[in-house]
Amino acid sequence: MAKARILQNKTYLYLTEFFSGMSVMAVELGASRLLAPYFSSSQIVWTIIIGTIMIAMALGNIYGGRAADKNPDPDKLYQRMVIAAVWIAAIPVVGKYVILAISALLIFTVSSNFLIWAAFFACMVIFVFPLFLLGTVTPSLVKYTMDSLEDNGRTVGMLNASNTIGSILGTFLPTFVTIPAVGTSVTFLIFAGILLLLALIYFLSSGKRSRRAVIGALAFVICCILGASSSFAFWETDLTYEGESVYNYLQVKEDADSVILSTNVLFGVQSILKKDHSLSGMYYDYALAAPLMAGGYEKENMDVLILGMGTGTFAAQCERYFYNMNIEGVEIDEKITQLARRYFELPQDLKVTTYDGRAYLNAVDKKYDVIMVDAYQDITIPFQMSSVEFFTMVKNHLTSDGVMVVNMNMRGTQEGEINQYLADTIASVFETVYTVDVTGSTNRELFASKSPYLLEAMQDNVALAPDTRLADLMDRVSEGMTAYEPGDYLMTDDRAPVELLGMRVIDEIIREEVEYYRGIFERDGIRGLLEQM
């Protein structure tokens with residue numbers, strides 16, 4: 001079979017390999033963002049994404065090699081690329097609904113490891129087929145570029161190099177350029193468009209008519225119209241802001257009482273601003289016990305460090321209820337800090353460093369009266385901020401009567417759950433540890449210090465509090481405070497299975513939430529469930 005003119009010098013085949021490798025990596029990174037609001041962006045989810053994509057590519061390699069041997073016609077390859085391009089372009093339009101449908105089905109059929117199964121099946125349904133098709137590119141191109149055995153090594157090397165260079169660019173461009181600039185949906189469309197353009201150029205230059213290419217081009221245009229403005233938060237309306245950063249999917253919503261930030265979660269609150277500047281009604285209020293334990297009203301100045309600044313909810317409350325605070329924040333996501341200053345009244349002069357919390361502690365020698373660790377989000381818990389080594393570093397940055405407060409946001413009931421690991425790890429470092437459960441939530445606040453007089457200092461300073469609302473709240477917090485009895489569940493830099501531990505708590509929470517609806521489903525079927533909901 002005579003080669004099309006565009007393929008005769010092999011350059012276009014190398015370009016095909018280059019952009020195919022680029023698109024595979026772009027889709028992989030886009031997959032993590034598509035799944036994050038539903039299943040988190042933890043190592044577990046990344047493992048599932050990488051694993052399923054490798055399965056797809058391996059199967060594509062096998063099929064592509066056999067198909068090329070059986071019928072070495074480049075038309076077949078570029079037709080497959082058209083199909084892959086249209087499928088990828090359709091992901092922003094239908095992907096979130098597929099995730100929702102799979103989750104709704106599994107939530108009533110899977111009793112454990114829900115996160116793993118839901119993320120796995122979502123990846124299989126949404127991403128395996130188009131990446132299987134892209135997996136056929138390399139073996140097909142080897143067939144088309146191989147003229148003789150004399151130069152087969154150089155030819156295969158050039159193809160692999162083209163694929164690898166494309167993959168490198170496909171890794172950096174979405175992360176640092178397209179996703180922060182135009183979002184995940186448009187990123188899918190951009191790389192789908194590149195694949196489609198490659199195929200269309202081939203068919204046009206070859207003078208061949210392809211019905212699939214024409215249909216694919218029309219379908220791509222429709223996907224661009226429907227998908228370019230597609231919102232992740234189809235469960236929300238009237239968002240004040242929805243966007244993405246290098247690290248997070250972000251949404252800001254506002255009502256008559258509050259402004260709320262959510263990141264990478266289907267439902268949840270990461271930061272809140274009460275418009276009347278009252279207490280938040282969340283764990284931030286309980287954390288105000290830390291400055292009191294550190295003698296907040298008895299000191300002329302207090303230095304406070306917040307690791308995981310968010311939009312500054314805790315910082316604002318410290319400034320509101322204490323007159324002597326020098327507050328510094330560390331937030332890894334600069335976009336969140338920008339949103340904080342725009343929507344959450346974070347003062348321009350309040351210092352926020354864009355950095356990882358542990359790396360920041362490594363870089364400074366200063367000691368603080370209060371260090372708040374608020375970097376945990378569902379099962380997305382930075383392992384490097386949950387270990388003995390990290391908490392030892394925090395302890396070394398506290399004054400002699402300084403207090404560390406940690407927000408642990410998934411309170412489980414089973415032996416060896418994530419909060420027990422965290423508390424045991426902290427108790428192995430600090431002499432004094434107290435915990436209190438936050439009413440109406442799964443959060444638990446932990447207070448740790450070198451000083452044994454935390455409760456006494458808290459009581460003395462509550463009596464000095466000028467605001468009766470704060471004093472009344474702290475009285476309730478004090479009643480729920482429990483001295484922690486340490487166990488042997490420790491996490492270190494070498495071994496900190498935070499994702500698996502967090503997943504167990506999520507399974508427990510889901511089982512509790514679904515039990516009521518499962519009973520209705522088993523008794524009255526889908527009709528009864530729909531009527532109830």
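From a predicted model like this one, the values you see are computed outputs, not experimental measurements.
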### Task
Quick one: sort the Trp117 and Phe120 rings into parallel, tilted or perpendicular, breaks at 30° and 60°.
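Trp117 vs Phe120 ring planes: perpendicular.
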### Task
Take the angle between the ring planes of Tyr297 and Phe322 and call it parallel below 30°, perpendicular above 60°, tilted in between.
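Tyr297 and Phe322: parallel rings.
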### Query
Which is it for Ile179 and Leu173 under the side-chain contact (heavy atoms from CB on, under 4.5 Å) test, yes or no, and what are the steps along the way?
CA-CA 8 Å; Ile179 290 177; Leu173 284 175; over 6 Å; no
Can you tell me if [atom1] on [X] sees more than 12 non-hydrogen neighbours from other groups inside 6.0 Å?
X	atom1	result
Glu319	CD	yes
Asn301	CG	yes
Phe172	CZ	no

### Message
Can you pull out every salt bridge (charged side-chain N to carboxylate O under 4.0 Å, His left out) where at least one residue sits in residues 272-295? Sequence neighbours excluded, please.
### Response
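Passing the test, one end in residues 272-295: Glu254-Lys275.
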### Query
Are Tyr489 and Glu417 linked by a side-chain donor-acceptor pair shorter than 3.5 Å?
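The criterion, which ignores hydrogens and geometry beyond distance, is not satisfied for Glu417 and Tyr489.
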Quick one: does [X]'s side chain get under 4.5 Å of [Y]'s, heavy atoms only?
X	Y	result
Leu446	Leu422	no
Leu307	Phe390	yes
Glu331	Tyr247	no
Val259	Tyr241	no
Tyr434	Leu454	yes
Tyr376	Val498	no
Asp374	Val406	no
Met404	Ser449	no

Got a donor-acceptor contact below 3.5 angstrom from the [X] side chain to the [Y] backbone?
X	Y	value
Ser271	Thr311	yes
Asp255	Asp257	yes
His397	Leu361	yes
Ser451	Tyr453	yes
Glu244	Thr184	yes
Ser441	Val438	yes
Asp424	Gly487	yes
Thr178	Thr187	no
Arg444	Asn407	no
Lys351	Gly329	no

Got a salt bridge between [X] and [Y], using NZ or NE/NH1/NH2 to carboxylate O under 4.0 Å?
X	Y	answer
Lys253	Glu242	no
Asp333	Lys335	no
Glu28	Arg33	no

Minimum-distance pair of heavy atoms, taken over all atoms of [X] and [Y]:
X	Y	result
Gln270	Ser262	OE1-CA, 3.2 Å
Met57	Leu131	SD-O, 3.3 Å
Gly30	Phe188	C-CZ, 3.4 Å
Gly296	Asn324	O-ND2, 2.8 Å
Ile102	Ala122	CD1-CA, 3.6 Å
Pro180	Pro174	CD-O, 3.5 Å

Euclidean distance, [Y] [atom2] relative to [X] [atom1], rounded to 0.5 Å:
X	Y	atom1	atom2	value
Ile336	Leu346	CD1	CG	12.0 Å
Ile49	Leu29	CD1	CG	8.5 Å
Gln317	Met325	CD	CE	11.0 Å
Thr353	Ile332	OG1	CD1	12.5 Å
Glu334	Thr337	CD	OG1	7.0 Å
Asn326	Asp369	CG	CG	9.0 Å

### Task
Under the side chain to side chain donor-acceptor pair (under 3.5 Å) rule, what do Tyr286 and Thr439 come out as? Steps first, then yes or no, please.
CA-CA 10 Å; Tyr286 285 57; Thr439 303; 3.1 Å; yes
### Query
Under the criterion side chain to side chain contact (heavy atoms under 4.5 Å, CB included), which of Thr313, Leu261, Ile260 is the partner of Phe344?
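For Phe344, the side chain to side chain contact (heavy atoms under 4.5 Å, CB included) check succeeds only for Leu261.
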### Message
Pair Lys367, Asp303 - check side-chain contact (heavy atoms from CB on, under 4.5 Å), show working.
### Response
CA-CA 8 Å; Lys367 291 186 180 292; Asp303 293 315; over 6 Å; no
### Task
Show your reasoning for whether side-chain contact (heavy atoms from CB on, under 4.5 Å) applies to Gln251 and Tyr249.
CA-CA 7 Å; Gln251 61 172 235; Tyr249 158 70; 2.8 Å; yes
### Query
Passes side-chain contact (heavy atoms from CB on, under 4.5 Å), Val462 versus Gln459? Steps please.
CA-CA 5 Å; Val462 167; Gln459 291 168 358; 5.7 Å; no
### Message
Test of understanding: with side-chain hydrogen bond (donor to acceptor under 3.5 Å, both in side chains), list the residues that count as partners of Asp493, not counting sequence neighbours.
### Response
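For Asp493 the side-chain hydrogen bond (donor to acceptor under 3.5 Å, both in side chains) partners, ignoring immediate neighbours, are Arg358, Ser387.
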